[in-house]
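A quick write-up on the structure given underneath.
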Amino acid sequence: MNQAAIRILVVDDEPAIRRALRPPLVELGFQISEASRGEEALQMLRAATFDAVLLDVNMPASAGLRRCGASVHLRRGCPS
């Protein structure tokens, strides 16, 4: 698989975590998008296709993250 085409959505409420994850992932050739809230991630998932989503499971607003996970399962046709 061509890593240059792999799109990753990083979802974390801590800017420092998102900043730390970006350089090594970009260096490996991944295309990175970021969201700081679950609701923002949901909007991005509706607007674009991502190959992977890195979620901070300890974020506040965990209900939004649960919906985000459900959205990924539904979009990919994966069993929940």
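Below, all heavy atoms of this structure are taken into account, side chains as well, without hydrogens, waters or symmetry copies. Predicted model, so just to flag it, every value in this text is computed and none were measured. The residues of the chain are indexed from 1 along the displayed sequence.
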When rounded to the nearest 0.5 angstrom, what distance separates [atom1] in [X] from [atom2] in [Y]?
{"X": "L54", "Y": "L21", "atom1": "CG", "atom2": "CG", "answer": "6.5 Å"}
{"X": "D13", "Y": "E40", "atom1": "CG", "atom2": "CD", "answer": "11.5 Å"}
{"X": "D12", "Y": "R19", "atom1": "CG", "atom2": "CZ", "answer": "11.0 Å"}
{"X": "E34", "Y": "L9", "atom1": "CD", "atom2": "CG", "answer": "9.0 Å"}

(message) To check you understand the geometry: which heavy-atom pair defines the closest contact between L25 and I8, and what is its length?
(response)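 Nearest heavy atoms, L25 then I8: CD2-CD1, 4.4 Å.
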
(message) Minimum heavy-atom separation for A35 and R18, please, with both atom names.
(response)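 Between these two residues, the closest heavy atoms are O-CD, 3.7 Å.
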
(request) Using modelled atom types only, decide if a donor and an acceptor are shared between the side chain of D51 and the backbone of R7 within a distance under 3.5 Å. (result)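 Yes; judged by distance alone, with no hydrogens or angles, the pair exists.
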
